[in-house]
Undergrad: 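Input: one structure, supplied below.
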Amino acid sequence: MKYISCSTISAQEAIQKIKSGSHIYIGSGSAVPLRLMEALSQSMGLYIDDAEVIHLFVTQRLPYVESCLLGRFRLKTFHVGSGIDQAVAESCADYIPAFHSEIPGLITSGSLRIDVALIQVSPPDKYGFLNLGVGVDITRAAVSQANMVIAEVNPAMPRTHGTTHLHVDQVDYLVEGYDTLFEIETPAPDDVADRIGINVANLIGDGATIHTGFDPIPQAVLRHLKDKTDLGLHTEMFSDGLIPLVAAGVVNNAKKKIDRYKCIASFCMGTRRLFEYVDDNPIFEFKPTDYTNNPYIVSKNDGVVAVIGATRIDLTGQVAYSGAVDGAFGGFGGDYDFVKGASLSRGGKPVITLRSTSQGNRASNIVSKIEGLSGIVASRADVHYVVTEFGAVRLHGKCIRERAMSLISIAHPDFRETLIEEARAAGFIYRDQIFIKESGYLYPYDLEEIKNLKDGLRVLFRPIRPDDEPLMKEFFYDFSPEAIRRRYFTRMKSMPHERLQKYVNVDYQRTLSIVGTLGGPENEKIIAEGRYTIDPATHLADVAFTVNEKHQNKGISSALLEFLGDIAKSRGVKGFTADVLKENAPMLKVLEKFCPNLKMTMPEPGVYHVKIPFDS
């Protein structure tokens, strides 16, 4: 194998060109030069002493990690994974906290010294251009600063588009590599990851530009985007899970403001299927992380949804990402560049995802306080949306009390009571905040349903939650005095916390409240509420409902009553009862429409007692 203007030598010969004490950069992920790594491992302590090896991240057990543990050289990484966790834990390797968007600048400025770059490339074309293929990330910056560039040539490396071309004149030595790439199977989502994926997908609208990742939760999100249209991709990395969406035209990048019709990434990891798919595929462009991860660049697209993994969040909204080293390290990774980029994007949504529990469901990942060196990676002000398998909440713009209640509502039910107690003690929430233990276990997720009503109005009907207190407060104060009198049979002028918290905390069994809402999590507004309470002696349920006056005469009351009726019947309730003021003709009309054979009496002046047996 002979190439233009540079030497071709064996991997062992190439490694022997490196001086002791050198700072050596090695490509990561599927672009890792395996043959060069093997030769480097064999040479440590034999030909090279006291060297420093620098990785963007480590995804597999490296052949020279044992040499690292023996003190033959020092390894530095920007992310701690399972391939290097032991070395970091034993202080034989170093973790560098840095946003991936800033790493190329650290290299080119000389703050992070690179003497030698070990990279993997495709064979040169007829013009003498090699290709960085599936791993551009920080490699271009390393190549530009290194005094010596050693490139492992792999025929299996795809030739990709973007900032991927490297002329052989920029390389000192070429080494014959293997004819396969390092493959990483995409992790299959489990049931919890799948539920989180559904909750995240519900936040992604048509035309959004997405940032995703490799872990099971991002893969689950991709599974649930098949019904979306005109999605774009601007991300640090992607994997096999993206292929079906691109092939089906779901991801077509048609609505992007920059890099239109292009999927932008800095690297990809996956299987041979993925490598073959990106080979000479013009829809994909690979660029360095100071472009892909630059928050300013990210924000140029509208509707950016960045799906960000976390391991822990406290009740004030601080996010931690901990690696395998007992919570001490992990790494900012590239995700947290996208937190800022998505938040600056018009209509953007940074979405923090985490499982509600860890340690075999023995520990809550939503905590009152993050202890120790758990690696805070996002501040309270950075966090907009948080998603677990129990739902999605928006924290941005909320006070600490509202944040705490929202996060408790998506914590695992086993830990909600403890979190309430700890939040009370910390002064995060009202000291008299009540909690119905059963409510966390009995919240009926299956009763969340969108209803299409008159004039194209789409109303989400869902069970009321304890964290709805601020929304219900606004709902009450939108009423006119007459509407309040008709609903509550009194002219009360206020709805203080003491009264309202009892209204939003229900057991979902004897008492069920359904609210109708407009808007998404960022601007949700309650415009209707209906509830029933079962009398255990008669198995009849007393029902009441009300609709914001600006949204009346659109069929909301009838739809809400029918929804409540269907639920009550399915639960064995024998019928509804209701007390209605004589002059409340609109409510009487809705009840008569629901059941023309209803029975009415007037046990007290001016008040009808209505009975609706379901068997009629």
Side-chain angles (χ1 to χ4, degrees), residues 25-32 54-59 77-79 81 98-108 112 114 117 119-122 131-144 157-166 181-182 184 209-215 218 232-242 246 251 253 256 258-259 262-270 274-275 277-279 281-301 304 306-309 331-342:
Y25 168 78
I26 301 181
S28 300
S30 295
V32 64
I54 300 164
H55 273 284
L56 176 60
F57 60 90
V58 178
T59 57
T77 180
F78 289 94
H79 189 273
F99 293 112
H100 286 191
S101 62
E102 299 176 351
I103 299 173
L106 291 173
I107 295 172
T108 56
L112 182 65
I114 301 291
I119 62 175
Q120 185 173 204
V121 297
S122 72
N131 195 288
L132 295 174
V134 298
V136 176
D137 44 68
I138 65 172
T139 297
R140 288 211 72 93
V143 168
S144 71
M157 176 66 82
R159 296 191 69 86
T160 58
H161 294 253
T163 316
T164 55
H165 297 91
L166 182 71
L181 289 176
F182 178 73
I184 305 175
T209 295
I210 59 174
H211 157 77
T212 184
F214 187 76
D215 293 332
L233 183 79
H234 186 111
T235 188
E236 182 178 32
M237 68 82 60
F238 62 89
S239 59
D240 292 65
L242 182 69
V246 176
V251 172
N253 303 288
K256 290 173 71 174
I258 61 169
D259 301 311
K262 300 291 183 181
C263 291
I264 300 299
S266 74
F267 67 95
C268 67
M269 296 192 305
L274 177 67
F275 305 145
Y277 196 78
V278 301
D279 185 36
N281 190 336
I283 196 175
F284 295 99
E285 288 193 356
F286 291 81
K287 297 176 181 290
T289 57
D290 54 359
Y291 182 89
T292 59
N293 295 46
N294 184 324
Y296 172 70
I297 298 295
V298 173
S299 70
K300 286 188 174 182
N301 285 308
V304 174
V307 182
I308 314 297
F332 285 87
D335 284 344
Y336 289 90
D337 289 308
F338 287 85
V339 170
K340 183 57 68 178

Undergrad: Do any N or O atoms from the side chain of K256 and from the backbone of L233 form a donor-acceptor pair under 3.5 angstrom?
TA: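 Yes; at least one donor-acceptor contact below 3.5 Å.
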
Undergrad: Is there a donor-acceptor pair under 3.5 Å between the side chain of N293 and the backbone N or O of F99?
TA: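 Absent.
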
Undergrad: Only counting residues at least two apart or in another chain, list the ones meeting salt bridge (charged side-chain N to carboxylate O under 4.0 Å, His left out) with K300.
TA: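 Once residues adjacent in sequence are excluded, K300 has no partner under the salt bridge (charged side-chain N to carboxylate O under 4.0 Å, His left out) criterion.
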
Undergrad: Answer yes or no: is there a donor N or O on one side and an acceptor on the other, between the side chain of S266 and the main chain of T292, under 3.5 Å?
TA: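 No, because the side chain of S266 does not come within donor-acceptor range (under 3.5 Å) of the backbone of T292.
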
Undergrad: Nearest 0.5 angstrom please: T160 OG1 to F284 CZ, how far?
TA: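 T160 OG1 to F284 CZ: 10.5 Å, rounded to 0.5 Å.
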
Undergrad: With heavy-atom distances below 4.5 Å as the criterion, would you say the side chains of M157 and L181 are in contact?
TA: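 When only atoms from C-beta onward are counted, L181 and M157 do touch, with a gap below 4.5 Å.
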
Undergrad: Identify the heavy atoms of M269 and S30 that sit nearest to each other, and give their distance.
TA: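 Where M269 meets S30 most closely, the heavy atoms are CA-OG, 3.7 Å.
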
Undergrad: Which atoms form the tightest heavy-atom contact between D240 and G270, and what is the distance?
TA: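 Nearest heavy atoms, D240 then G270: OD1-CA, 3.1 Å.
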
Undergrad: Donor-acceptor check, side chain of S122 to backbone of R159, threshold 3.5 angstrom: yes or no?
TA: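 No, because the side chain of S122 does not come within donor-acceptor range (under 3.5 Å) of the backbone of R159.
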
Undergrad: Taking the side chain as every heavy atom from C-beta outward, state whether P158 and V134 have any atom pair closer than 4.5 Å.
TA: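 Yes - at least one pair of side-chain heavy atoms lies under 4.5 Å apart.
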
Undergrad: Strictly distance-based, threshold 3.5 Å: is any side-chain N or O of T289 a donor or acceptor partner for the main-chain N or O of S101?
TA: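 Such a contact is absent between T289 side chain and S101 backbone.
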
Undergrad: What are the two closest heavy atoms between T164 and R140, and how far apart are they?
TA: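 Closest heavy-atom pair between T164 and R140: C-NH1, 3.8 Å.
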
Undergrad: If you compare all heavy atoms of A306 against all heavy atoms of A342, which two are closest, and at what distance to 0.1 Å?
TA: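 The answer is CB-CB, 3.9 Å.
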
Undergrad: Give me the atom names and distance for the closest heavy-atom approach of A142 to Y25.
TA: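 A142 and Y25 have their closest heavy atoms at CB-CD2, 3.4 Å.
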
Undergrad: How would you list, by chain and number, every residue that makes a salt bridge (charged side-chain N to carboxylate O under 4.0 Å, His left out) with K287, sequence neighbours excluded?
TA: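 E285.
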
Undergrad: Nearest 0.5 Å, please: how far is CZ in F214 from CZ in F238?
TA: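 Answer rounded to 0.5 Å: 12.5 Å.
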
Undergrad: At their closest point, which heavy atom of I107 faces which heavy atom of A141, and how far apart are they?
TA: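 That would be CG2-O, 3.6 Å.
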
Undergrad: So how far is it from T212 OG1 to L242 CG, rounded to the nearest 0.5 Å?
TA: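 Going from the OG1 atom of T212 to the CG atom of L242 covers 8.0 Å.
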
Undergrad: Would you give the length of the straight line joining atom CG of L112 to atom CD1 of I54, rounded to the nearest 0.5 angstrom?
TA: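 Reported to 0.5 Å precision, the distance equals 4.5 Å.
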
Undergrad: With rounding to the nearest 0.5 angstrom, report the NE2 to CG distance, H211 to D335.
TA: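 Reported to 0.5 Å precision, the distance equals 3.5 Å.
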
Undergrad: Are any non-hydrogen side-chain atoms of M237 and F57 less than 4.5 angstrom apart?
TA: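 No, too far: nothing below the 4.5 Å cut-off.
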
Undergrad: Can you check whether Y291 reaches P104 side chain to side chain, under 4.5 Å on heavy atoms?
TA: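 Answer no - side chains too far apart.
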
Undergrad: Can you check whether L132 reaches I119 side chain to side chain, under 4.5 Å on heavy atoms?
TA: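 They are in contact (side-chain heavy atoms under 4.5 Å apart), so the answer is yes.
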
Undergrad: For the atom pair CG (D290) and CG (D137), what is the distance rounded to the nearest 0.5 Å?
TA: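 Result: 11.0 Å between the selected atoms.
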
Undergrad: Is the shortest heavy-atom distance from the side chain of N131 to the side chain of H165 under 4.5 Å?
TA: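 Counting from C-beta outward, N131 and H165 do come under 4.5 Å.
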
Undergrad: Can you name the side-chain hydrogen bond (donor to acceptor under 3.5 Å, both in side chains) partners of Y277, sequence neighbours left out?
TA: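 Partners of Y277 under the side-chain hydrogen bond (donor to acceptor under 3.5 Å, both in side chains) test: none.
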
Undergrad: Would you say H234 and N253 are linked by a side-chain donor-acceptor pair, where the criterion is simply a distance under 3.5 Å?
TA: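 Note: N253 and H234 side chains miss the donor-acceptor criterion.
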
